[in-house]
Amino acid sequence: MTGPAAPAGEYAVVVPTLGRPSLAACLRALAESEGPRPARVVLVDDRRDPAVPLTASVPPSLRSRTVVVRGGAQGPAAARNAGWRAAGDAPWIVFLDDDVVPGPTWADDLALDLAGASVATAGITARVEVPLPADRAPTDWERNVAGLAEARWITADMAYRRKALEAVGGFDERFRRAFREDADLALRVLDAGWTLAEGRRTTTHPVRPADRWVSVRLQAGNADDVLMTRLHGRDWWRRAGAPRGRLPLHLVVTSAGLAAAVCALTGRPRAAAACACGWLAGTAEFALARILPGPRTRDEIVTMALTSALVPPAAAWHWLRGQVRHRATPAQRHRAEPPSPTAAAPAGERMPT
């Protein structure tokens with residue numbers, strides 16, 4: 001015999017983590033939030049070598065309902081899959097990043113979000129707020145993080161219906177970074193006929209410290225963009241509401257730099273000078289576009305000058321790497337059908353109009 005079905009508004013929380021100090025603040029805010037508690041909290045330990053147990057970060061009020069599972073250090077997509085599959089039978093799975101802070105009424109607002117979902121609703125977003133300095137202009141890194149507030153379907157705080165996750169197979173584990181795996185899942189869910197809704201709950205995403213070279217490392221995401229194009233077609237940017245970025249300009253600037261080097265090595269000084277001027281102009285324009293909106297401190301200017309020379313070739317390299325790695329990836333096929341809108345709605349849910 002099977003036990004009674006879980007209540008329609010019951011939810012579990014899944015937090016993939018690398019054991020960062022921010023995890024304690026996230027869980028403390030979750031514990032202190034007003035409203036229904038999660039049926040289960042799943043911490044997915046995605047560290048390669050777990051040294052300190054994650055349970056030390058769990059507030060006493062959540063310990064009885066918290067479990068820790070190993071993620072295998074395969075990235076956030078694989079970690080989230082391990083988490084929701086270990087989350088029991090709760091009909092809703094709420095994914096939180098370990099560096100967000102749920103608001104004081106988060107649980108009450110989540111309950112309203114879930115109660116207002118139709119049977120065709122697969123997921124419900126949160127309102128993500130990124131606090132920026134009030135006494136100065138934000139740095140390039142701070143502006144980058146602030147873009148999360150406008151991102152669609154961001155899994156920093158995203159509730160998904162378990163049935164929808166099961167129907168589409170969860171997250172695509174080929175996305176090894178915290179980049180595009182959320183948009184890929186959302187597009188697959190929409191392609192399968194489900195809908196996604198905007199919620200009322202609010203979560204804060206603080207800007208964590210980053211070193212000077214973070215913008216260069218972030219260019220690895222260009223390979224993920226290639227995978228997105230293979231899976232979802234060239235118009236996925238529009239469907240996902242994602243900014244196109246500067247990749248075309250980065251390719252032009254990098255080509256000019258390479259051409260300058262080739263011409264110099266082959267004894268064509270005039271052509272080399274012309275190409276070098278093109279590279280310098282493109283690099284200077286990129287640096288100014290990043291410096292002018294910022295605080296214009298000495299350290300920020302130096303960082304922008306150095307990284308503006310390195311970002312274009314890094315972006316081009318990762319784009320080419322993605323082209324090679326994903327050259328045989330087939331387009332995504334619809335794999336599921338959502339519940340019929342005419343089916344009986346579970347208690348606490350409304351039928352779509």
Side-chain angles (χ1 to χ4, degrees), residues 2-16 38-40 42 44 69 71 74-96 110 113-126 152-175 180-199 224 227-228 230-233 236 239-241 329-353:
T2 59
E10 187 173 279
Y11 70 97
V13 171
V14 172
V15 185
R40 182 173 293 183
V42 182
V44 186
V69 299
Q74 299 300 308
R80 292 191 185 102
N81 281 341
W84 71 262
R85 288 167 180 153
D89 60 355
W92 288 93
I93 308 294
V94 182
F95 296 102
L96 293 178
L110 173 65
D113 289 344
L114 302 184
S118 77
V119 293
T121 301
I124 307 173
T125 66
R152 300 175 70 182
W153 316 312
I154 180 174
T155 40
D157 184 346
M158 181 73 183
Y160 268 107
R161 193 186 294 274
R162 171 182 293 279
K163 289 183 179 178
L165 293 171
E166 292 172 345
V168 302
F171 291 87
D172 189 331
E173 298 183 10
R174 287 173 292 187
F175 292 93
R180 302 305 190 205
E181 83 290 353
D182 46 8
D184 167 73
L185 175 59
L187 291 179
R188 286 189 286 120
V189 164
L190 292 172
D191 285 344
W194 297 83
T195 62
L196 296 172
E198 295 183 3
D224 298 310
L227 177 56
M228 287 291 290
R230 293 283 190 269
L231 293 173
H232 301 287
W236 75 265
R239 296 177 59 210
T329 300
Q332 178 65 42
R333 295 288 183 260
H334 300 177
R335 297 189 296 173
E337 290 295 334
S340 169
T342 60
E349 298 191 353
R350 61 174 174 81
M351 301 299 294
T353 57

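As the structure is a prediction and not an experimental result, all values here were calculated from the model.
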Participant: For the pair Arg80 (side chain) and Pro16 (backbone), establish whether a donor and an acceptor sit closer than 3.5 Å, ignoring hydrogens and angles.
Facilitator: no
Participant: First locate atom CZ of Arg180, then atom CG of Leu231, and finally report the distance between them rounded to the nearest 0.5 Å.
Facilitator: 13.0 Å
Participant: Let's go through Leu227 and Arg174 carefully: what are the C-alpha distance in whole Å and the side-chain angles of both, what is the deciding distance for side chain to side chain contact (heavy atoms under 4.5 Å, CB included) to 0.1 Å, and is it a yes or a no?
Facilitator: CA-CA 9 Å; Leu227 177 56; Arg174 287 173 292 187; 3.9 Å; yes
Participant: Could you grab the distance from atom OG1 of Thr125 to atom CG of Asp113, nearest 0.5 Å is fine?
Facilitator: 8.0 Å
Participant: Which heavy atom of Tyr160 sits nearest to which heavy atom of Leu196, and what is that distance?
Facilitator: CE2-CD2, 4.0 Å
Participant: Is the side chain of Thr195 donor-acceptor paired with the backbone N or O of Ala120 at a distance under 3.5 Å, no angle test?
Facilitator: yes
Participant: List the atom of Glu181, the atom of Thr155, and the distance in Å for their closest heavy-atom pair.
Facilitator: OE2-OG1, 3.5 Å
Participant: Working to the nearest 0.5 angstrom, can you tell me the gap between Trp84 CH2 and Arg162 CZ?
Facilitator: 6.5 Å
Participant: Under 3.5 Å, side chain of Arg188 to main-chain N/O of Val168, donor-acceptor pair present?
Facilitator: yes
Participant: For residues Glu10 and Asp89, determine if any side-chain heavy atom of one lies less than 4.5 Å from a side-chain heavy atom of the other.
Facilitator: yes
Participant: Give, for atom CG of Asp184 and atom CZ of Phe175, the distance between the pair rounded to the nearest 0.5 Å.
Facilitator: 4.0 Å
Participant: Is it the case that the side chain of Arg152 and the backbone of Arg239 share a donor-acceptor pair, with hydrogens and angles ignored and the cut-off at 3.5 Å?
Facilitator: yes
Participant: What are the two closest non-hydrogen atoms of Ile124 and Ala117, and how far apart are they?
Facilitator: CD1-CB, 4.0 Å
Participant: Would you confirm whether Arg161, through its side chain, and Thr121, through its main-chain N or O, come within 3.5 Å as a donor-acceptor pair?
Facilitator: yes
Participant: With a 6.0 Å cut-off (strictly less than), is the heavy-atom count around CD of Glu198, excluding the residue itself, greater than 12?
Facilitator: no
Participant: Heavy atoms only: give me the nearest Ile93-Ala87 pair and the separation to one decimal.
Facilitator: CD1-CB, 3.8 Å
Participant: At what distance, to the nearest 0.5 angstrom, does CG of Leu187 lie from CG of Asp191?
Facilitator: 6.5 Å
Participant: Give the minimum heavy-atom separation between Val189 and Ala122, together with the two atoms involved.
Facilitator: CG1-CB, 3.3 Å
Participant: Search all heavy atoms of Gly170 against all heavy atoms of Leu185 and return the closest pair with its distance.
Facilitator: O-CD1, 3.6 Å
